[in-house]
Student: 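Attaching a single structure in structure tokens format; questions to follow.
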Amino acid sequence: MNLARRRQLNSFDYSSGPVVYWMSRDQRFADNWALIYAQELALKNKVPLVIGFTLAPGFLGATQRQYAFMLKGLSDVASASSQKNIPFFLLLGNPSEAIVKFIKKYKVGALVCDFDPLRVKVAWKKAVARSIDIPFYEVDAHNIVPCWIASPKQEFGAYTLRPKINRLVDQFLEDFPLVRKHPFSFDVKPTLIDVDQILRTLDIDKSVAELSWIKPGEMEAHKALRDFAQERLSDYNVKRNDPCLKGQSDLSPYLHFGQLSAQRVALAVARAKANENSKQAFLEELIIRRELADNFCFYNLYYDSTKGAPAWVQKTLLEHRKDKREYCYSLKELEAAKTHDDLWNAAQSEMVAIGKMHGFMRMYWAKKILEWTPVADKAFAAAVYLNDKYELDGRDPNGYAGIAWSIAGVHDRAWGERAVFGKIRYMSYQGCKNKFDVDKYIEKVRKMKG
DNA sequence: ATCGGCTCGCGCAA
DNA sequence: TGCGCGAAGCCGAT
């Protein structure tokens, strides 16, 4: 592995004991640089290799919908890894305490984790680093160019990150080695993962239903990737922004849970025989915009509130904070999709029904929440709450960056001054009407089932 | 149907 | 210091 993908979070040297990969964001067996690196370490030292996944009893408002998708995917990872003599342990409780307890109990010699810019994950790792005296490595298994290598600071827009990524992408966009059957055995057997039993014991919101239109797991993710690359990639450029059509990849739930590697997707798309403009447009979204979202969350402490907005936005929001809102809705009314705007209601209903709102509608949806909420801060919080509760890919940097773009002008520029929005880019019902068949989309959502 | 203005600030050229 | 240009737009003039 290119060692630039990993960095050490402390300064201890290895002495003895098995290697543990603390899996968190990248929940897959194949195409996972963190696991590949952990095996390299274990082979070099001739010791066993173990995967540990710490399951928090509740995580940033995640519901039955997301937990079920995740746990089913994890049980696939567990079977794949145990076949390669790499036992998979699901550790319950406070994540940093659970992993430290495991390390002490089994005299673990080195810890490898994957990369995640979210505050809570950074805090877990800090707590672990304080409590152990073995080498602790972090591998960016989610991005193609590791987040901290791509840029040392928060970028201002796609246009400033793009040349940095493009300069480095050839060094990192390489094929994945296979994880081999591990030759050194760990002598403790993990208990099998009983998804239904775990779901029953978790204290989570069970009112948000599981979904059946999308199947969790690595195998399903690869199927979905093949299907997209063969059937829809060629038309991506012309169809992606029409929410009436199935023009998007629908891969984001798999990418969010790490059941699919973005690098695997990039390799497949780059090699696919398809319209070149479509390939370019898709790779721009997959690589530049995805990694821009990680960059935003990694370097901006306030990625999920208006405090993270650039100065010109803070100023313009302040100037317009007392503007009269023509419509005002409570979070309850928004959640129930009871506004005067049938297009907005459809977008909200789509998210509630199938756990995924069309990409173009996500912008319109968030901007209208800003328009109809008394305070911009509250608008941001409402968008985050709804997104994280219903979207299968909630709690993702892409979600935070998307809301920040819509509501807080992040990665965007100033536009013509108007009420409530100030200089933040506005989007209108009429604009949508000019772009696609609004009534057709509303009708499509009406028939949707999760 | 098409076009320019709206408006900010980075990054680079000079 | 000046200049070009940027994640998805809007609106009014032509």
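Below, chain A is the first sequence line, B the second, and so on; all start at residue 1. Hydrogens, waters and symmetry mates play no part in the numbers below; they use all other heavy atoms, side chains included.
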Student: Is the shortest distance from a Lys or Arg side-chain nitrogen in A/D412 or A/R425 to a carboxylate oxygen in the other one below 4.0 Å?
Tutor: yes
Student: Can you measure from CG (A/L283) to CD1 (A/I144) and round to the nearest 0.5 angstrom?
Tutor: 8.0 Å
Student: With a 4.0 Å cut-off on heavy atoms, is A/M427 in touch with a base, just the backbone sugar-phosphate, or nothing at all?
Tutor: sugar-phosphate
Student: With respect to A/H411, which candidate in A/F296, A/Y303, A/W405, A/Y400 satisfies the ring pair (Phe, Tyr, Trp, His ring centres under 6.0 Å) definition?
Tutor: A/F296
Student: Report which part of the nucleic acid A/K164 touches: base, sugar-phosphate, or nothing (heavy-atom distance under 4.0 Å, all strands).
Tutor: nothing
Student: Look only at the side chain of A/Q314 and the backbone of A/A309, and say whether a donor-acceptor pair between them is shorter than 3.5 Å.
Tutor: yes
Student: What is the distance, to the nearest angstrom, from the CZ atom on A/R425 to the P atom on C/dG6?
Tutor: 12 Å
Student: Distance between the P atoms of B/dC10 and C/dG9, in whole angstroms?
Tutor: 24 Å
Student: Any base atoms under 4.0 Å from A/R162, or only sugar-phosphate, or nothing? Heavy atoms, all strands.
Tutor: sugar-phosphate
Student: Sort out the partner of B/dT7 for me: Watson-Crick or G-U wobble, both distances under 3.5 Å, none otherwise.
Tutor: none
Student: Under 4.0 Å between a side-chain N/O of A/K315 and OP1 or OP2 of B/dT7, yes or no?
Tutor: no
Student: At 4.0 Å (heavy atoms only), tell me whether A/W405 reaches a base, stays on the sugar-phosphate, or touches nothing.
Tutor: base
